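On a predicted model such as this, the values are computed, not experimentally measured, just so you know. Basis for what follows: all heavy atoms, side chains included, without hydrogens, waters or symmetry-related copies.
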2 protein chains.
Amino acid sequence: MQLAKLHSLLADETRLRLLHLLLQGPLCVCHFQDILDAPQVKISKHLGLLRASGLVTNRRHKNWVIYELAEKPSGAIQAQLHALTQTAKTEPVFQRDLKRLHKVSNQAGEIISACCS
Amino acid sequence: MQLAKLHSLLADETRLRLLHLLLQGPLCVCHFQDILDAPQVKISKHLGLLRASGLVTNRRHKNWVIYELAEKPSGAIQAQLHALTQTAKTEPVFQRDLKRLHKVSNQAGEIISACCS
DNA sequence: GGTCTATATGCTCTAAAAAGAATATTCTGT
DNA sequence: ACAGAATATTCTTTTTAGAGCATATAGACC
């Protein structure tokens with residue numbers, strides 16, 4: 001992927017938040033909706049873009065779809081993910097997402113077993 | 001600057017090329033035009049954006065305006081500039097620009113003394 | 001097979017970004 | 001003060017990206 005394209009992909013707060021959550025581990029769509037507090041279409045479309053660009057993969061588990069970071073990302077992508085974790089430490093949105101993520105995953109115990117109820 | 005904003009700024013090939021050239025050292029607008037082979041307006045506008053975002057500074061020297069990278073860039077920006085140099089090694093546009101830059105700066109000897117003629 | 005649930009897709013509207021033509025500004029040298 | 005050179009700005013047009021509604025798909029469970 002061209003560098004400019006990669007940057008366009010990252011030039012959206014929603015997608016950055018999705019990626020940031022995925023850096024913590026796999027997650028299903030409904031949890032993204034909960035955590036970001038955003039409508040289903042929005043989440044789904046942005047995840048779709050990330051998937052179309054090969055940054056993430058998804059698999060189905062029962063009724064839910066689980067997304068996770070693609071393995072073996074290119075060097076450029078690795079660098080960006082690293083930069084993201086760094087920045088996430090200082091930007092409040094990301095911290096807020098993290099808090100919510102922990103709440104959700106505590107409630108759910110095993111993320112996958114008891115998804116959205 | 002928010003991370004998403006920073007990425008938007010970098011999500012344009014022209015701006016990436018300008019920054020990449022600036023990583024080699026200060027350069028005047030007319031040389032950017034020569035090297036990128038792009039119209040004056042285009043160059044000037046993109047440089048304007050970079051300047052408005054604080055990534056670069058400019059100063060006047062005789063008839064010309066010299067741009068250079070801002071000193072003490074934030075960590076996020078440093079990381080992006082580093083990523084850019086890495087990627088530039090593999091993307092042909094950037095290599096082509098480098099070649100042209102060297103041609104120009106050889107011709108001109110001291111860049112500033114004999115700018116565009 | 002039918003129904004329900006979770007997610008994805010198509011279509012439309014709006015907003016933001018890029019390009020280009022024409023013009024303005026700012027300095028230089030006379 | 002004037003003319004010319006280099007760069008910036010304004011305005012318009014075109015392109016691209018995001019949001020949201022409505023609808024489609026795909027699997028789960030009865």
Check: B:Ile66 and B:Leu27 side chains under 4.5 Å, non-hydrogen atoms
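Result no, sub-4.5 Å side-chain heavy-atom pair not found.
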Flag side-chain contact, heavy atom, 4.5 Å: A:Phe94 against A:Leu21:
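A:Phe94 does not reach A:Leu21 side chain to side chain.
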Could you write out each protein N or O paired with an N or O of nucleotides 24-30 of chain C at a distance under 3.5 Å?
{"from": "C:dC27", "atom 1": "O2", "to": "B:Asn63", "atom 2": "OD1", "distance (Å)": "3.4"}

Pair B:Leu36, B:Leu18 - check side-chain contact (heavy atoms from CB on, under 4.5 Å), show working.
CA-CA 8 Å; B:Leu36 298 207; B:Leu18 295 173; 3.8 Å; yes
Surrounding CD of A:Gln95 (heavy atoms of other residues, nucleotides or ligands, distance under 6.0 Å), is the total greater than 12?
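Atom CD in A:Gln95 is packed in, count exceeds 12.
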Report, as yes or no, whether the 6.0 Å neighbourhood of atom CD on B:Gln86 holds more than 12 heavy atoms from other residues, nucleotides or ligands.
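Enclosed: over 12 neighbouring heavy atoms sit under 6.0 Å from CD of B:Gln86.
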Exercise: identify the closest heavy-atom pair between B:Ser8 and A:Ala11:
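Minimum heavy-atom separation between B:Ser8 and A:Ala11: N-CB, 3.5 Å.
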List the atom of B:Ile35, the atom of B:Arg17, and the distance in Å for their closest heavy-atom pair.
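Distance-wise, the nearest heavy atoms are O-NH2, 4.2 Å.
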Protein heavy-atom contacts under 4.0 Å, written 5' to 3' over nucleotides 18-23 of chain D as B (base), S (sugar-phosphate only) or - (none), form the string SSBB--
Between [N] ([atom2]) and [X] ([atom1]): distance, integer Å:
{"X": "B:Ile66", "N": "D:dA6", "atom1": "CD1", "atom2": "P", "value": "13 Å"}
{"X": "A:Lys5", "N": "D:dT15", "atom1": "NZ", "atom2": "C1'", "value": "12 Å"}
{"X": "A:Asn58", "N": "D:dG27", "atom1": "CG", "atom2": "P", "value": "12 Å"}
{"X": "B:Asp34", "N": "D:dA6", "atom1": "CG", "atom2": "C1'", "value": "13 Å"}
{"X": "A:Arg51", "N": "C:dT7", "atom1": "CZ", "atom2": "P", "value": "13 Å"}
{"X": "A:Gln33", "N": "C:dA8", "atom1": "CD", "atom2": "C1'", "value": "12 Å"}
{"X": "A:Trp64", "N": "C:dC4", "atom1": "CH2", "atom2": "P", "value": "18 Å"}
{"X": "A:His31", "N": "C:dA6", "atom1": "NE2", "atom2": "C1'", "value": "13 Å"}

Among residues at least two apart in sequence or on other chains, which ones pass ring-ring contact (aromatic ring centres under 6.0 Å, His included) with B:Tyr67?
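B:Tyr67 satisfies ring-ring contact (aromatic ring centres under 6.0 Å, His included) with no residue once adjacent residues are dropped.
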Using a cut-off of less than 4.0 Å, is there contact between a side-chain N or O of A:Tyr67 and OP1 or OP2 of C:dA6?
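No, no such contact exists.
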Can you check whether B:Gln40's main-chain N or O pairs, donor with acceptor, with B:Ser44's side chain at less than 3.5 Å?
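No, the answer is negative, given that no donor and acceptor are paired below the 3.5 Å cut-off.
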